[in-house]
Amino acid sequence: MEKTVDLRSDTVTLPSAAMRQAMFQAELGDDVYGEDPTVNRLEALAAERLGKEEALFVPSGTMANLVCLLTHCGRGDEAIMGHLAHTFLFEAGGSAAVGGIHPHTVPNQPDGTLDLDDIEAAIRPPDNPHYPHTRLICLENTHNRCGGAVLTPDYMAQVRALANRYDLAIHLDGARIFDAAVALGIEPAVAARGADSVSFCLSKGLSAPVGSLVCGSAAFVQEARRQRKILGGSMRQAGVLAAAGIVALESMVDRLVDDHRNARQLAEGLARLPGVILDPATVQTNIVIFALAPDTLSASELVARLAAHGVKMGDIGGCRLRAVTHYGIEADDIDRVLVAATQVLAAGG
Ligand SMILES: Cc1ncc(COP(=O)(O)O)c(C=O)c1O
């Protein structure tokens, strides 16, 4: 049977043989006592790669972000974030539901940034009792809903300078920060510079089965560890999962360039098809978001018809689709996707 080319997300990746082997052989202990040597190794490695003092292993990217927001903000405090931020759109309102944190959205620009003037206008004067206290600015790199857009170190430095003027913290949702670093040709620590906390995922492009990390200062991570406990995210012999994460960090980062090349090839091919609205120059990493012209198929029709050709993409609403390249997707798979999309769109509505 022909392979299904699943481009819905880089979260569908399966662990490599080396990861499974490392999981099988992992040295284990009780991580809630701090005694799992494999978790400890993963946390040290993550902190080092992200240029922060310490790191904390958590089950998911959603929990990583929530732990960070709960660590930075108290009940009624305000966190500034983009209207397309994952923390705002796709985390079930967790920071409000669990932490009483008030999200204050400002528009995301198409390149994933928040305009500095918009951020500044959103910061509340601290001495007026009508307002919540602004505590935090949340950024996302790469930016999922902005098509994998990359934030530059220069932009991070500008937000840092602004945050310093108002004594605010910065949290970076770096679920795909390794993609950003690879695309910019810089170390992840440089991409994370300026952020007080950064979260990143092992189970997206890095292909580990489970897990994310929270990185920050030793004091921040100490409190984050308590928040993880509150959320029920402290795990016992978690080294069985962390072992795959270590392999991910050591062997799956350099290959992200292949995903970026495949995404660019996909974008260039799709952009040539009738009815597809897409500027391939905007594709910087492994996410391709495109729209369909009103006189062609709807996004859900295209998704259904591609599925009949063994190709999966995501319908993200508003005539738009998302395709994400990842480990297990090769250049000839992209050729197959383009042949299928050509046939489906030529057949029309
Ligand atoms: C930017 C971003 N942050 C956070 C997450 C949440 O990660 P998880 O699915 O592990 O909870 C995702 C998942 O897609 C994401 O794209």
Side-chain angles (χ1 to χ4, degrees), residues 6-15 42 46 50 55-70 79 81-95 97-98 103 105 108 111-114 136-151 170-181 183 188 191-192 195 197-215 227-228 231-233 235 238 241-242 244-245 248 256 259 263 284-289 312-317 320 322-327:
D6 191 345
L7 300 176
R8 288 172 302 164
S9 176
D10 46 10
T11 56
V12 302
T13 45
L14 297 175
L42 172 65
L50 273 295
L56 179 72
F57 186 46
V58 297
S60 68
T62 300
M63 190 183 287
N65 284 334
L66 183 54
V67 158
C68 289
L69 266 73
L70 291 171
M81 60 187 76
H83 77 303
L84 298 176
H86 198 276
T87 42
F88 182 64
L89 290 180
F90 302 123
E91 297 183 8
S95 62
V98 180
T105 56
N108 272 112
D111 64 0
T113 61
L114 307 177
L136 182 67
I137 301 168
C138 298
L139 300 172
E140 189 173 311
N141 194 14
T142 66
H143 201 290
N144 181 351
R145 241 344 116 94
C146 294
V150 166
L151 301 182
I170 298 176
H171 170 62
L172 180 62
D173 176 352
R176 296 183 182 83
I177 197 166
F178 285 87
D179 285 283
S197 59
V198 53
S199 56
F200 76 86
C201 293
L202 296 167
S203 59
K204 298 196 162 60
L206 300 183
S207 317
V210 178
S212 286
L213 285 119
V214 164
C215 308
Q227 297 297 341
R228 181 185 70 172
L231 298 176
M235 301 178 283
L241 303 173
L256 294 173
D259 298 343
Q284 294 176 281
T285 55
N286 68 330
I287 300 179
V288 179
I289 291 181
K312 293 186 179 178
M313 289 189 190
D315 170 3
I316 61 167
R320 293 186 317 145
R322 188 182 78 150
V324 187
T325 54
H326 51 79
Y327 177 58

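In what follows, every heavy atom counts, from backbone to side chain, and hydrogens, waters and symmetry copies are set aside. All ligand and atom numbering here is 1-based and tracks the order in the structure.
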For [X] and [Y], indicate whether the former's side chain and the latter's backbone hold a donor-acceptor pair under 3.5 Å.
X	Y	result
Asn286	Thr325	yes
His143	Leu151	no
His83	Asn108	yes
Arg228	Met235	no

Legend entry - Asp10 bridged to Arg176 by N-O distance under 4.0 Å: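 So Asp10 pairs with Arg176 through a salt bridge.
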
Could you pull out the N/O contacts under 3.5 angstrom between ligand 1 and the surrounding protein atoms?
unit_1   : atom_1 : unit_2 : atom_2 : d
ligand 1 : 3 (N)  : Asp173 : OD1    : 3.1
ligand 1 : 3 (N)  : Asp173 : OD2    : 2.7
ligand 1 : 7 (O)  : Lys204 : NZ     : 2.9
ligand 1 : 10 (O) : Gly61  : N      : 2.8
ligand 1 : 11 (O) : Gly61  : N      : 3.4
ligand 1 : 11 (O) : Thr62  : N      : 2.8
ligand 1 : 11 (O) : Thr62  : OG1    : 2.6
ligand 1 : 16 (O) : Asn144 : ND2    : 3.0
ligand 1 : 16 (O) : Arg176 : NH1    : 2.9

Inset, instruction - Report the C-alpha separation of Leu213 and Leu50 in whole Å, then their side-chain angles, then the decisive distance to 0.1 Å, and conclude whether the side-chain contact (heavy atoms from CB on, under 4.5 Å) test is met. - result: CA-CA 10 Å; Leu213 285 119; Leu50 273 295; over 6 Å; no

